[in-house]
Amino acid sequence: MLFRRKRKPASVRRLVCDDWFATLPREKAQLFEAVVRRWESVYAMMSVSLDEAMCLRSRGELVCARQQVSITGELHERLAWTLMDAAAAMADRCRHVSDIPAVEPLKTDFFRGDTAQSAATWNGILHRVLMGDRSRFFHKLRILSDTVGRLNFEFTEAADDISQGSTVHPGACWKSLDSLHFDINTCLRELEVVMKSLLRALPTEQVSAFSQRLDTPTRARRARSRPSLARVPA
């Protein structure tokens, strides 16, 4: 008599939406909330500053608007470095994680500007080419970090041109600031999703070390230059 060998059940692949809606254990939840609150605080200050600058411009108070947008540029740079530091911390920690979470590719419809849409397109192409969650995870972190750096370069450049009165097309610069503000917000939301997915996969004994790494930025503030690709180590 022949007996049929029972097949082992296939492992269930976790989806990004599963990670997002899942409840994190207390220690991980506290870390996630603290990190997101830090990001949101800087983003809110930058958004309020930009809104104030645009309101001043709309009332014809151009000198005050130019002074205010200079502050906005500094806050945007602070936000960008905060997000890039977090991306680097996540990449560092993932070297010690075997169960890398799944990620979804960036979607061009979620962005407005050419820089971010081009990055999303490239990420979408490589997401289909790369094999395995690990390669996809590291590439998404890399592309998000690089995109944030590029958006920051463009934002601070436009803000400087406005504040110094050196642009011959101020209207285009103001419009660019609005678009770039939208796109860095999208990058923030994408990193938020990646952060929660990583925390769900992170072994409990590694949470404390990850928290310390997030509180210890490694990027030295340097003179502004157009960022190059692959700032986040894989």
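Numbering of residues begins at 1 and proceeds along the displayed sequence.
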(request) Under the side-chain contact (heavy atoms from CB on, under 4.5 Å) rule, what do K140 and E190 come out as? Steps first, then yes or no, please. (result) CA-CA 9 Å; K140 184 166 186 177; E190 290 283 352; 2.9 Å; yes
(message) I'd like to know whether R200 forms a side-chain contact (heavy atoms from CB on, under 4.5 Å) with K196, so could you lay out the CA-CA distance, the side-chain angles of the two residues, the decisive distance to 0.1 Å, and finally the verdict.
(response) CA-CA 6 Å; R200 193 176 178 210; K196 187 169 184 183; 5.7 Å; no
(request) Could you walk me through whether V42 and L75 pass side-chain contact (heavy atoms from CB on, under 4.5 Å), step by step? (result) CA-CA 7 Å; V42 184; L75 290 170; 5.5 Å; no
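Atom CE in M90 sits 7.5 Å away from atom CG in L214 (nearest 0.5 Å). In this structure, CE in M84 is found 12.0 Å from CG in L144, a value given to the nearest 0.5 Å. Put simply, CZ on R150 and CG on L180 are 13.0 Å apart, with the number rounded to the nearest 0.5 Å. Annotation: the span from L151 atom CG to S176 atom OG amounts to 9.5 Å, rounded to 0.5 Å. Here the CH2 atom belonging to W39 is positioned 6.0 Å from the CG atom belonging to L83, to the nearest 0.5 angstrom. To the nearest 0.5 Å, atoms CG (L191) and CG (L141) are separated by 7.0 Å.
Remark: E104 engages no residue in a side chain to side chain donor-acceptor pair (under 3.5 Å) (not counting sequence neighbours). Taking P25 as the reference, K28 meet the side-chain contact (heavy atoms from CB on, under 4.5 Å) condition, with sequence neighbours excluded. With sequence neighbours left out, the ring pair (Phe, Tyr, Trp, His ring centres under 6.0 Å) criterion links H181 to Y43. The ring pair (Phe, Tyr, Trp, His ring centres under 6.0 Å) test applied to F155 returns H76, not counting sequence neighbours. Scanning for side chain to side chain donor-acceptor pair (under 3.5 Å) contacts around E33 gives an empty result, with sequence neighbours left out. Evaluation of the side-chain contact (heavy atoms from CB on, under 4.5 Å) rule for H139 yields W122, N123, L126, L130, R142, I143 as partners, not counting sequence neighbours. Scanning for side-chain contact (heavy atoms from CB on, under 4.5 Å) contacts around T108 gives A120, T121, with sequence neighbours left out. Not counting sequence neighbours, F32 has no partner by the ring pair (Phe, Tyr, Trp, His ring centres under 6.0 Å) test.
Between A201 and P101, the shortest heavy-atom contact is CB-CD, 4.0 Å. Minimum interatomic distance between F111 and A116 (heavy atoms only, all atoms of both residues): CD2-CB, 3.3 Å. Counting all heavy atoms, side chain and backbone alike, F138 lies closest to R95 at CZ-N, 4.3 Å. Between T147 and A119 the shortest heavy-atom distance is OG1-CB, 3.2 Å. Considering all non-hydrogen atoms of both residues, F137 and C94 come closest at CE2-SG, 3.1 Å. The heavy-atom pair separating L188 from L79 by the smallest distance is CD1-CD1, 4.1 Å.
Between the side chain of S49 and the main chain of M46, no donor-acceptor pair closer than 3.5 Å is present. At distances below 3.5 Å, at least one donor-acceptor pair connects side-chain atoms of S163 with backbone N or O atoms of D160. T186 contributes a side-chain N or O that, together with a main-chain N or O of F110, makes up a donor-acceptor pair within less than 3.5 Å.
The side-chain heavy atoms of Q30 and R26, taken from C-beta on, include a pair separated by under 4.5 Å. Side-chain atoms of T72 and L177, non-hydrogen and from C-beta on, never get closer than 4.5 Å to each other.
With Q206 as the fixed residue, the side chain to side chain donor-acceptor pair (under 3.5 Å) test singles out one of R213, H96, R93: R93.
V148 and W81 fall within the same hydrophobic cluster, where Ile, Leu, Val, Met, Phe, Trp and Tyr residues are linked whenever their side-chain heavy atoms come under 4.5 Å apart, directly or through other members.
Residue pairs meeting the ring pair (Phe, Tyr, Trp, His ring centres under 6.0 Å) criterion with at least one partner in residues 49-73, sequence neighbours excluded, do not occur; the list is empty. The salt bridge (Lys or Arg N to Asp or Glu O under 4.0 Å) analysis of residues 35-45, with sequence neighbours excluded, yields the pairs R38-D215, E40-R189. Contacts classified as salt bridge (Lys or Arg N to Asp or Glu O under 4.0 Å) and involving residues 46-70 (residues at least two apart or in different chains) are given here: R59-E61. Among pairs with a residue in residues 162-187, those fulfilling salt bridge (Lys or Arg N to Asp or Glu O under 4.0 Å) read R112-D178, at least two apart in sequence or across chains.
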